[in-house]
Amino acid sequence: MGATLKSVEKGTEITLEDFNLIGRSPDASIRLLDGGVSRQHATIRRDGQLFWVSDLGSANGSFVNDVAVTTARALRHGDRVQFGTSVFVFDSEDEERPPSESGNVSTQSLHTIALPIKTVKATLLVGDLRNFTSISAQLSAEEVAAMLREWYAQCEDVIKSRDGIIDKFIGDGVFAYWPGDDHSSRVKATEAARLLSSPDASNSPKRKYLRDEMNLEVHCHIGLNVGDVALGAMGRGNTTAVGEAVNVTFRIESLTRKLQVPVLAGAPFLQGWAEGHRLYQNAGIHPVKGQPDPVEVYSLIDAPTMSF
């Protein structure tokens, strides 16, 4: 599969690799000499047949078809992608083109088939690297890319080997789920959370180098939850899980900083799972942003302690 970004202004084409770091830094894999582009501005990452764009907290944002990229977004053939004032058209050789396609990329469209979306119970996991924005500001673009590549590979190894489905990577974060809320799925999610937040994870080559040579500690926070999600294809080849339970899981993960614990699970994650109460301890009821009611959370027992 091949894919490129074609500059609207200059007409030049950039061939996309499996992982692309976009920014103004000299060692960015796609360097843009644009005053509106941050040093480490965004990433484009291939996952299977799809290329996903994520903004890295840039000052001026990233846009697809004039819509701000706030979470990882799958690119489609003909999408207009903007970083700062630099505008490109995404071209995927592997994606079907309509018969009426012309040479004008701005008028290209894609015929998609609407597939059914169903509501199911799911076991949810959200992971995030602590202080990624402040740490990445102290690194070169090449070092940021190396850290993200290592983190993505680690997530894929830990989660997929336990039958989890990685829905998307969002900059330095990951959202994954297990279809169903059975006890086996909760055990696997707990194992994944423990491994991703463990000190051994911090001993991966890039993180060990950052700790030993630059005194920068890179740790992972995890939020877990169980709830109803709408699961289905949101576009060609793009299956994702959405719903209020997903939003709450992201909020639970953000509580780990306030409570200074690496792994938190929402009360639904423990509901009806007697064995789970031996693995988690109650961490109280807390208000979270965007939710009218506070949420009850539980911290993973014997999870590694960290300096926050």
Side-chain angles (χ1 to χ4, degrees), residues 1 3 5 16-23 28-30 37-38 40-58 60-83 88 90 92 94-95 110 112 117 122 124-130 132-133 136 141 144-145 147-160 164-177 192 196 220-223 225 229-243 245-251 253-254:
M1 174 185 178
L5 291 179
L16 294 174
E17 306 295 336
D18 287 348
F19 182 89
N20 308 270
L21 179 64
I22 298 147
S29 50
I30 299 178
V37 171
S38 300
Q40 291 99 33
H41 193 102
T43 62
I44 296 178
R45 176 185 180 276
R46 187 175 74 171
D47 185 4
Q49 293 186 345
L50 294 175
F51 283 83
W52 294 80
V53 60
S54 298
D55 188 81
L56 295 178
S58 64
N60 295 309
S62 305
F63 300 84
V64 176
N65 300 327
D66 298 322
V67 177
V69 176
T70 56
T71 63
R73 173 167 176 168
L75 292 172
R76 301 296 177 203
H77 176 72
D79 276 350
R80 183 182 174 94
V81 188
Q82 181 172 350
F83 311 105
F88 302 88
F90 176 73
S92 174
D94 194 59
E95 198 161 357
L110 184 67
T112 60
I117 297 174
L124 310 170
L125 180 151
V126 171
D128 188 58
L129 294 180
R130 182 171 67 91
F132 172 79
T133 301
S136 64
V144 172
M147 182 171 66
L148 286 176
R149 284 194 194 97
E150 186 179 80
W151 160 241
Y152 291 166
Q154 193 174 61
C155 288
E156 289 182 340
D157 178 56
V158 168
I159 294 170
K160 290 184 178 180
I165 298 170
I166 294 179
D167 187 290
K168 60 176 70 71
F169 288 102
I170 311 166
D172 62 321
V174 61
F175 167 48
Y177 63 90
L196 290 173
C220 175
H221 295 262
I222 301 286
N225 200 19
V229 300
L231 183 63
M234 305 301 176
R236 184 184 300 273
N238 180 13
T239 300
T240 190
V242 297
V246 176
N247 297 335
V248 172
T249 309
F250 275 88
R251 300 308 184 191
E253 187 278 323
S254 67

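As the structure is a computational prediction, the values presented were derived from the model and not from experiment.
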Specify the closest pair of heavy atoms between [X] and [Y], including all atoms of both residues, with the distance to one decimal.
X: Trp52; Y: Ala74; result: CE3-N, 3.4 Å
X: Leu56; Y: Gln40; result: CB-O, 3.8 Å
X: Ser62; Y: Ser58; result: N-OG, 4.2 Å
X: Val229; Y: Ala122; result: CG2-CB, 3.8 Å
X: Phe51; Y: Glu17; result: CE2-O, 3.5 Å

- Task: Would you check if the side chain of Ser29 reaches a backbone N or O of Leu21 as a donor-acceptor pair within less than 3.5 Å?
- Result: yes
- Message: Donor-acceptor check, side chain of His41 to backbone of Gly61, threshold 3.5 angstrom: yes or no?
- Response: yes
- Residue pair Ile166, Phe175: steps toward the side-chain contact (heavy atoms from CB on, under 4.5 Å) verdict: CA-CA 6 Å; Ile166 294 179; Phe175 167 48; over 6 Å; no
With a 4.5 Å heavy-atom cut-off, do [X] and [Y] have their side chains touching?
X: Val67; Y: Arg73; value: yes
X: Val64; Y: Val53; value: yes
X: Val144; Y: Leu148; value: yes
X: Leu124; Y: Val246; value: yes
X: Leu16; Y: Leu5; value: yes
X: Leu125; Y: Thr249; value: no

- Please lay out, stage by stage, how Leu50 and Arg76 fare under the test side-chain contact (heavy atoms from CB on, under 4.5 Å). CA-CA 8 Å; Leu50 294 175; Arg76 301 296 177 203; 3.1 Å; yes
- Query: Do Leu129 and Trp151 pass the side-chain contact (heavy atoms from CB on, under 4.5 Å) test, and can you show the C-alpha distance, the side-chain angles, and the key distance before you say yes or no?
  - Reply: CA-CA 9 Å; Leu129 294 180; Trp151 160 241; 3.7 Å; yes
Got a second to check how far [X]'s [atom1] is from [Y]'s [atom2], nearest 0.5 Å?
X: Cys220; Y: Leu196; atom1: SG; atom2: CG; result: 5.0 Å
X: Cys155; Y: Phe169; atom1: SG; atom2: CZ; result: 5.0 Å
X: Arg251; Y: Asn225; atom1: CZ; atom2: CG; result: 13.0 Å
X: Met147; Y: Asp172; atom1: CE; atom2: CG; result: 7.5 Å
X: Asn65; Y: Arg80; atom1: CG; atom2: CZ; result: 8.5 Å

- Query: Is it true that Glu156 and Arg45 make a salt bridge, defined as a side-chain N closer than 4.0 Å to a carboxylate O?
  - Reply: yes
- Not counting sequence neighbours, which residues clear ring pair (Phe, Tyr, Trp, His ring centres under 6.0 Å) with Phe88? List them please. none
- Pick from Val81, Ile44, Asp55: which one makes a side-chain contact (heavy atoms from CB on, under 4.5 Å) with Ile22? Ile44
- Message: If you apply the rule side-chain contact (heavy atoms from CB on, under 4.5 Å), what do you find for Phe63 with Val69, and how did you get there?
- Response: CA-CA 5 Å; Phe63 300 84; Val69 176; 5.7 Å; no
- Kindly write out the residues that satisfy salt bridge (Lys or Arg N to Asp or Glu O under 4.0 Å) with Asp79, not counting sequence neighbours, or none if the list is empty. none
